[in-house]
Chemist: 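Have a look at the structure that comes next, please.
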Amino acid sequence: MTLAPLLAAEPLIQFHVLAVSVTITLTPIQLLLQKGSGLHRRIGRCWMIAMALTALSSFFISTIHSIGPFSPLHLLSVFNLMGLSFAYRAARRGNIVAHSWAVISLVISALIIPGIFTLLPGRI
């Protein structure tokens, strides 16, 4: 395995990979932290920003074309941005059950499922 394809990729793809790498790195830390602590909240904000940057940057990457420049992965990005908003609002309202379910759904729909798609031939 080599980083050469990533290093040769356009800067937007490199940014996207950096943002998702931050998200992936923070995910297990966040899940292991004491819920509701100040550190959990601060890392949670960083996680949400990195997740949002990952989703937003995906709209400008079009290596798979299904509907014009977009693919089904872009639909996941729309749902993930909506999920981030829901998770944030739930936490702010103190609805921790809804917040937890939203975050778990985001990990699955924004990290695990797209992560599997990156294993397809021709993907960086």
Side-chain angles (χ1 to χ4, degrees):
M1 181 187 243
T2 176
L3 291 177
L6 178 59
L7 296 174
E10 61 183 277
L12 183 60
I13 291 175
Q14 293 174 350
F15 175 82
H16 180 75
V17 171
L18 176 64
V20 79
S21 296
V22 169
T23 306
I24 289 169
T25 302
L26 291 178
T27 297
I29 297 167
Q30 187 65 348
L31 294 174
L32 293 172
L33 283 173
Q34 178 186 354
K35 307 307 178 252
S37 69
L39 186 58
H40 177 81
R41 290 176 182 174
R42 285 190 300 277
I43 291 179
R45 286 186 193 106
C46 293
W47 184 88
M48 292 185 107
I49 290 168
M51 182 73 83
L53 290 173
T54 300
L56 291 170
S57 64
S58 77
F59 292 115
F60 302 98
I61 300 170
S62 56
T63 55
I64 299 174
H65 304 278
S66 297
I67 305 165
F70 300 109
S71 75
L73 287 175
H74 291 106
L75 191 55
L76 280 176
S77 293
V78 171
F79 289 130
N80 292 331
L81 289 169
M82 292 169 39
L84 282 170
S85 175
F86 179 83
Y88 179 78
R89 286 192 326 269
R92 294 293 297 165
R93 292 180 181 149
N95 188 345
I96 303 310
V97 172
H99 171 74
S100 297
W101 277 106
V103 170
I104 290 167
S105 297
L106 282 166
V107 168
I108 293 168
S109 68
L111 298 176
I112 295 173
I113 293 173
I116 291 169
F117 279 100
T118 62
L119 300 175
L120 293 173
R123 307 266 316 189
I124 296 176

Chemist: Are I104 and I43 connected, step by step, through hydrophobic side chains (Ile, Leu, Val, Met, Phe, Trp, Tyr) whose heavy atoms are closer than 4.5 Å?
Modeler: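 Yes; I43 is reachable from I104 via cluster members.
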Chemist: Which value, rounded to the nearest 0.5 Å, describes the distance between L7 atom CG and I13 atom CD1?
Modeler: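 Here the rounded value is 12.5 Å.
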Chemist: Apart from F86 itself, what residues make up its hydrophobic cluster when side-chain heavy atoms of I, L, V, M, F, W and Y under 4.5 Å apart count as a link, directly or indirectly?
Modeler: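 F86 clusters with nothing; isolated.
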Chemist: Could you list the cluster mates of I49? Members are the ILVMFWY residues connected by side-chain heavy atoms closer than 4.5 Å, either directly or through other members.
Modeler: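 Members other than I49 - counting any ILVMFWY side chain reachable under 4.5 Å - are F15, L53.
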Chemist: Going by side chain to side chain contact (heavy atoms under 4.5 Å, CB included), name the residues that satisfy it together with F79, two or more places apart in sequence or in a different chain.
Modeler: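 Checked F79 against side chain to side chain contact (heavy atoms under 4.5 Å, CB included); matches are L75, M82.
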Chemist: Mind checking whether S109 and N80 have side chains closer than 4.5 Å, heavy atoms only?
Modeler: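 Yes. Closest side-chain heavy atoms under 4.5 Å.
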Chemist: Can you list the residues that meet the side chain to side chain donor-acceptor pair (under 3.5 Å) rule with R41, with sequence neighbours excluded?
Modeler: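 R41: no side chain to side chain donor-acceptor pair (under 3.5 Å) contacts found.
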Chemist: With sequence neighbours left out, what residues match R42 under side chain to side chain contact (heavy atoms under 4.5 Å, CB included)?
Modeler: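 With neighbours one apart ignored, the set is L39, R45.
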Chemist: Sequence neighbours left out, what pairs pass side chain to side chain donor-acceptor pair (under 3.5 Å) with at least one residue falling in residues 10-33?
Modeler: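 Side chain to side chain donor-acceptor pair (under 3.5 Å) check on residues 10-33 returns H16-S57, T27-W47, Q30-H40.
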Chemist: Any chance you could lay out the side chain to side chain contact (heavy atoms under 4.5 Å, CB included) test for L26 and C46, step after step, and finish with the verdict?
Modeler: CA-CA 8 Å; L26 291 178; C46 293; 3.9 Å; yes
Chemist: Which pairs, with at least one residue in residues 90-106 and sequence neighbours excluded, count as a side chain to side chain donor-acceptor pair (under 3.5 Å)?
Modeler: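 Counting only pairs at least two positions apart or across chains, no side chain to side chain donor-acceptor pair (under 3.5 Å) contact touches residues 90-106.
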Chemist: How far does CG of L18 sit from OG1 of T54, to the nearest 0.5 angstrom?
Modeler: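 Rounded to the nearest 0.5 Å, the CG-OG1 separation comes to 8.5 Å.
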Chemist: Test of understanding: with side chain to side chain contact (heavy atoms under 4.5 Å, CB included), list the residues that count as partners of I112, not counting sequence neighbours.
Modeler: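 Once residues adjacent in sequence are excluded, the partners of I112 under the side chain to side chain contact (heavy atoms under 4.5 Å, CB included) criterion are V107, I108, I116.
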Chemist: Can you check whether L111 reaches M51 side chain to side chain, under 4.5 Å on heavy atoms?
Modeler: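 In short, these two side chains touch, coming nearer than 4.5 Å.
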Chemist: Can you list the residues that meet the side chain to side chain donor-acceptor pair (under 3.5 Å) rule with S58, with sequence neighbours excluded?
Modeler: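 Scan of S58 (side chain to side chain donor-acceptor pair (under 3.5 Å), adjacent residues dropped) gives S77.
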Chemist: Under 4.5 Å between side-chain heavy atoms, hopping through other hydrophobics if needed: is there a path connecting L84 to I29?
Modeler: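 Yes.
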Chemist: Same cluster for I96 and M48 if Ile/Leu/Val/Met/Phe/Trp/Tyr side chains link at under 4.5 Å?
Modeler: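 The answer is no; the residues belong to distinct hydrophobic clusters.
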